[in-house]
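See structure below.
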Amino acid sequence: MRTILHSDLNNCYASIESISHPEYRKIPFAVGGDEELRHGIILAKNECAKKYGIKTGEPLLTARQKCPDLKVVKPNFELYDKYCTAVRELYGEYTDMVEPFGIDESWLDTTGSVSLFGEGKKIAEEIRARVKKEFDLTVSVGVSYNKVFAKLGSDYKKPDAVTVITPENYREIVWELPVEDLLYVGKSTKNKLNGCGIRSIGELARTSETFLYSKLGKHGKMLHIYANGLDTSPVTRVSEADIVKSIGNSTTALRDMQNLADVNIVFHYLAEQVCRRLRSHSLKCNAVQIYARRKDLTSFERQTRLKNPTDISGVVCEAAINLMRLNYSFEQPLRAVGIRTSVLVDSNAPVQLSFFEDAEHTEKMRSIDMLKDKINAKYGKRSIYRAVLMSDKTLLPEYNKEIYSACFNSH
Ligand SMILES: [Mg+2]
């Protein structure tokens with residue numbers, strides 16, 4: 001039997017901010033968007049803010065209504081990344097099979113480490129104690145014999161806790177929980193299952209696989225396997241190099257995007273950032289994915305393959321805009337959009353240029369990008385930017401405020 005741990009940093013962003021500001025621990029505190037612009041949502045909150053009913057993802061405005069004294073700071077993703085990477089390195093001392101899930105969660109396969117460090121529960125307790133002592137952060141850890149139950153275990157009791165789910169006790173612990181607590185049961189699956197009278201994971205487990213298949217297709221079959229503790233998916237070892245499988249960026253616009261022209265501006269901004277990162281890693285992408293969140297918080301994703309690998313902002317941006325044009329007609333305004341590039345290859349790998357491609361034009365676009373990188377590196381990111389970013393200053397996020405004021409005040 002395998003020993004799988006799932007470790008989750010509790011209230012990650014808020015906890016990391018509290019390391020340098022211990023006074024935040026005693027007050028309702030959250031990390032979120034820009035308040036001056038009455039924009040932004042709660043990205044993370046501490047235990048104290050939770051007591052006011054403040055939820056991740058809710059607008060700052062309503063959070064303020066629930067708790068007028070809420071202290072809010074802007075996110076510092078670089079800092080969070082630093083801590084999360086350090087915590088993952090600590091996990092690496094117990095096994096080389098560590099699979100990150102988001103920034104602050106990881107699965108660990110410690111099957112082979114039991115003889116060295118003791119059983120799963122002991123390893124989990126040790127990790128919990130060490131993260132607290134060495135980082136001043138807390139984790140909740142689930143210990144089980146498959147990934148799905150390990151993840152459930154880390155959600156079961158938090159913060160700063162360990163939950164063990166075994167073949168003997170899973171019926172008492174897991175089967176009592178509502179279906180939506182199971183991995184990959186989102187809102188729409190929950191509604192479908194509830195519509196069939198399936199409310200708990202136990203009810204899901206006891207429903208016939210054939211019936212679930214008829215209602216949910218393959219996904220239904222998979223959930224049946226999960227609910228019965230029969231998940232056998234491996235913890236995939238991820239080296240730092242493998243993490244760069246895709247490079248992307250997304251942003252919530254300052255105001256809702258009403259049409260393709262609005263999205264065009266934001267996509268230019270995102271494509272610039274994404275491609276700069278591709279170039280800095282000497283990578284090119286073969287596929288572009290877009291992500292969009294509507295005003296009602298529902299979202300969609302679409303992707304396309306490119307004819308040739310690229311790291312040119314203009315090419316990625318054009319692919320993203322085409323995807324949006326083909327797939328969305330703005331029945332509802334959009335709140336956030338993102339661009340992700342994937343199927344990455346070394347930028348020096350030889351490429352068979354297609355016969356109709358204007359290689360000269362492509363090279364020109366590329367040299368403009370490279371030159372822009374150089375100027376930005378030397379004189380700062382405000383020194384040069386695309387004119388399209390200036391065409392509507394009400395859209396882009398707060399960190400561009402400086403660019404705007406530099407531009408509009410001096411010209
Ligand atoms: Mg977490």
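For the numbers below, each heavy atom of this structure counts, side chains included, while hydrogens, waters and symmetry mates do not. What you are looking at is a predicted structure, and each value in this text was computed from that prediction instead of being measured. In each ligand, atom 1 is the first atom listed, and ligand 1 is the first ligand listed.
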Taking all non-hydrogen atoms of both residues into account, name the closest pair between Ser154 and Asp8 and its distance. OG-CB, 4.1 Å
Flag the pair Glu134 and Arg130 as a salt bridge only when some basic side-chain nitrogen lies within less than 4.0 angstrom of an acidic carboxylate oxygen. yes
Lys50, NZ atom: more than 12 neighbouring heavy atoms under 6.0 Å: yes
Charged N-O contact under 4.0 Å between Glu58 and Lys66: yes
For Asn191 and Lys187, which I'm curious about, is there any donor-acceptor pair between the side chains at under 3.5 Å? no
Could you enumerate the protein N, O or S atoms under 2.8 Å from the Mg ion (ligand 1), written like residue then atom name? Asp8 OD1, Leu9 O, Asp104 OD2
Lys218 versus Tyr213, closest heavy-atom pair with distance: N-CE1, 3.7 Å
